[in-house]
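Both ligands and their constituent atoms are indexed starting at 1 by order of listing. Index from 1, following the sequence. Just so it is clear, the structure is predicted and the values come from calculations on it, not from any experiment.
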Amino acid sequence: MIMKNLKEKFEEKIDESRARVKNLVNEYGDKIVGEISLRQIYSGMRGMLCMVTETSKLDPNEGIRFRGYSLPEIQDVLPRAKNSNQPLPEGMFYLMLIGELPTEEDVRLISLELEKRAFVSEYVFNVINNLPKDMHPMTQFSIAILSLRDESEFTKAYKGGVNKQQYWDSTFEDALNLIAKLPRIASYIYRRNYHNEDYIEPKEDLDWSANFAHMLGFSNSEFTDLIRLYMTIHSDHEGGNVSAHTSHLVGSALSDAYLSFSAGMNGLAGPLHGLANQEVVKWLLSMQNDLGGGLPSRDQIAEYVQKTLDSGKVIPGFGHAVLRKTDPRYTAQREFALKYLADDELFLLVSRVFEVVPPILEATGKVKNPWPNVDAHSGILLLKYGMVEYDFFTVLFGVSRSLGIMSQLILSRALGMPIERPGSTTTDIMINKFSS
Ligand code: CMX
């Protein structure tokens, strides 16, 4: 039997996926799926169902499900590397794109495909070399991604007059090329900024995350597993979060994968979204420092939390726009920590913060979700293994997010999703409508 590659498998599913959507809309297109209140319009469109994202769905109480699989299930059912306790994120990409669980062979083929496509042209490194080293790594990352668009297969195909039925094909090429190159670009930024430009070349026969860990300069197998865990859990969080939604919106104008993803990364770089992983570490370290070092008591933490709130700041790593329980991505990282660094002082601090913060946030009477999100935990795990440059942490989040955003972009092209153009209103119109 000839083994089919990812692209062939995806192509086989396109007609059926198009027909499903067409039939659904033909049959039920006029059904009402929800109502929008005035408050929702003024509160960041919270809870408004207004787009389709096939790759994952977020439940407020249960957390994320990737094509129907919860995070604990994913950790159980996706293939792993040899001697590893973590699923390979390549399998997550397969699952999100194809909608079925991959075999070990499917995942191995994706690792190989990504290895083949990982070459980064010299001009991209030159672009990075010309940026000031004190420019935030996320800015450098976004610029480097943007510079890659010269190589866009989609843009070439579009200029060549490709039929819209085939848009998905060149988008697939761009998506895989982008995913393959991101670890190289991210580790280049890391080594340039923090390790005297001592760059590390990729190695053959490593999976995507293992090569990433290697190029970052870490050889500890626990750290490699941590990167596999990171790349898996940060990959997707349905379509409405800022990075996924931005990429989808930009992509809907038929902007190529590089334009779309770079735009999404600019959203991820905001402190209320992905940058929160850096902000958490900053906050924890200043708490420790201000309280004289060591592990602060619960009372000291409570006082520090209150001081942060009183100065008009948020507690980073807590709260969520959709979730109403502890984020399962937090729990997955906590389990990793309990296994490998149960006695670590910063882990003990994170655990205490987890006990202390929720009742305080609840007592404000306004925070809808007082529980920790993914960012509350991620930084201290990296610190433990010697990655101490926390300005860089959001870049890791970004590399992982490419898996979800790119699979969704390919699907959007295959399904012929239209340009996004929601309506807006003005306050005058709303006042006239309701108060007259
Ligand atoms: N600390 C203090 N106040 C908080 C808070 C927190 N962690 N979370 C929410 N609030 C406040 C909001 O700022 C808002 O206050 P105002 O009414 O004064 O404006 C009020 O509580 C209601 O907000 P909400 O409906 O509970 O939360 P939102 O959906 O508006 O915002 C989020 C969600 C994540 C931006 C918010 O919880 C927050 O700022 N958290 C801290 C930053 C963070 O960890 N972000 C990462 C999220 C995950 C990710 O995307 O990576």
List, pair by pair, the atoms of ligand 1 and of the protein that are both N or O and lie under 3.5 Å apart, giving the separation rounded to 0.1 Å.
{"from": "ligand 1", "atom 1": "1 (N)", "to": "I315", "atom 2": "N", "distance (Å)": "2.9"}
{"from": "ligand 1", "atom 1": "7 (N)", "to": "I315", "atom 2": "O", "distance (Å)": "2.9"}
{"from": "ligand 1", "atom 1": "7 (N)", "to": "F318", "atom 2": "O", "distance (Å)": "2.8"}
{"from": "ligand 1", "atom 1": "15 (O)", "to": "K366", "atom 2": "NZ", "distance (Å)": "3.4"}
{"from": "ligand 1", "atom 1": "18 (O)", "to": "K366", "atom 2": "NZ", "distance (Å)": "2.8"}
{"from": "ligand 1", "atom 1": "25 (O)", "to": "K368", "atom 2": "NZ", "distance (Å)": "2.8"}
{"from": "ligand 1", "atom 1": "26 (O)", "to": "K368", "atom 2": "N", "distance (Å)": "2.8"}
{"from": "ligand 1", "atom 1": "29 (O)", "to": "R46", "atom 2": "NE", "distance (Å)": "3.1"}
{"from": "ligand 1", "atom 1": "29 (O)", "to": "R46", "atom 2": "NH2", "distance (Å)": "3.1"}
{"from": "ligand 1", "atom 1": "30 (O)", "to": "R46", "atom 2": "NH2", "distance (Å)": "3.1"}
{"from": "ligand 1", "atom 1": "40 (N)", "to": "F318", "atom 2": "O", "distance (Å)": "2.8"}
{"from": "ligand 1", "atom 1": "44 (O)", "to": "G317", "atom 2": "N", "distance (Å)": "2.8"}
{"from": "ligand 1", "atom 1": "44 (O)", "to": "N373", "atom 2": "ND2", "distance (Å)": "3.0"}
{"from": "ligand 1", "atom 1": "45 (N)", "to": "L272", "atom 2": "O", "distance (Å)": "2.8"}
{"from": "ligand 1", "atom 1": "50 (O)", "to": "H273", "atom 2": "ND1", "distance (Å)": "2.6"}
{"from": "ligand 1", "atom 1": "51 (O)", "to": "H273", "atom 2": "O", "distance (Å)": "3.4"}
{"from": "ligand 1", "atom 1": "51 (O)", "to": "D375", "atom 2": "OD2", "distance (Å)": "2.5"}

inquiry  = Can you list everything that forms a side-chain hydrogen bond (donor to acceptor under 3.5 Å, both in side chains) with R80? Sequence neighbours excluded, please.
reply    = none
request  = Check the angle between the aromatic planes of F392 and Y194 and answer parallel, tilted or perpendicular using the 30° and 60° thresholds.
outcome  = perpendicular
ask   = Could R329 and Y230 be counted as a cation-pi pair, given that NZ or CZ must be under 6.0 Å from the ring centre and within 45° of the axis?
value = no
message = Any donor-acceptor pair under 3.5 Å linking the side-chain atoms of T427 with those of Y42?
response = yes
request  = Decide, yes or no, whether a salt bridge links R352 with E355 under the criterion of side-chain N to carboxylate O below 4.0 Å.
outcome  = no
The single option from E153, R149, E151 passing side chain to side chain contact (heavy atoms under 4.5 Å, CB included) against D256 = R149
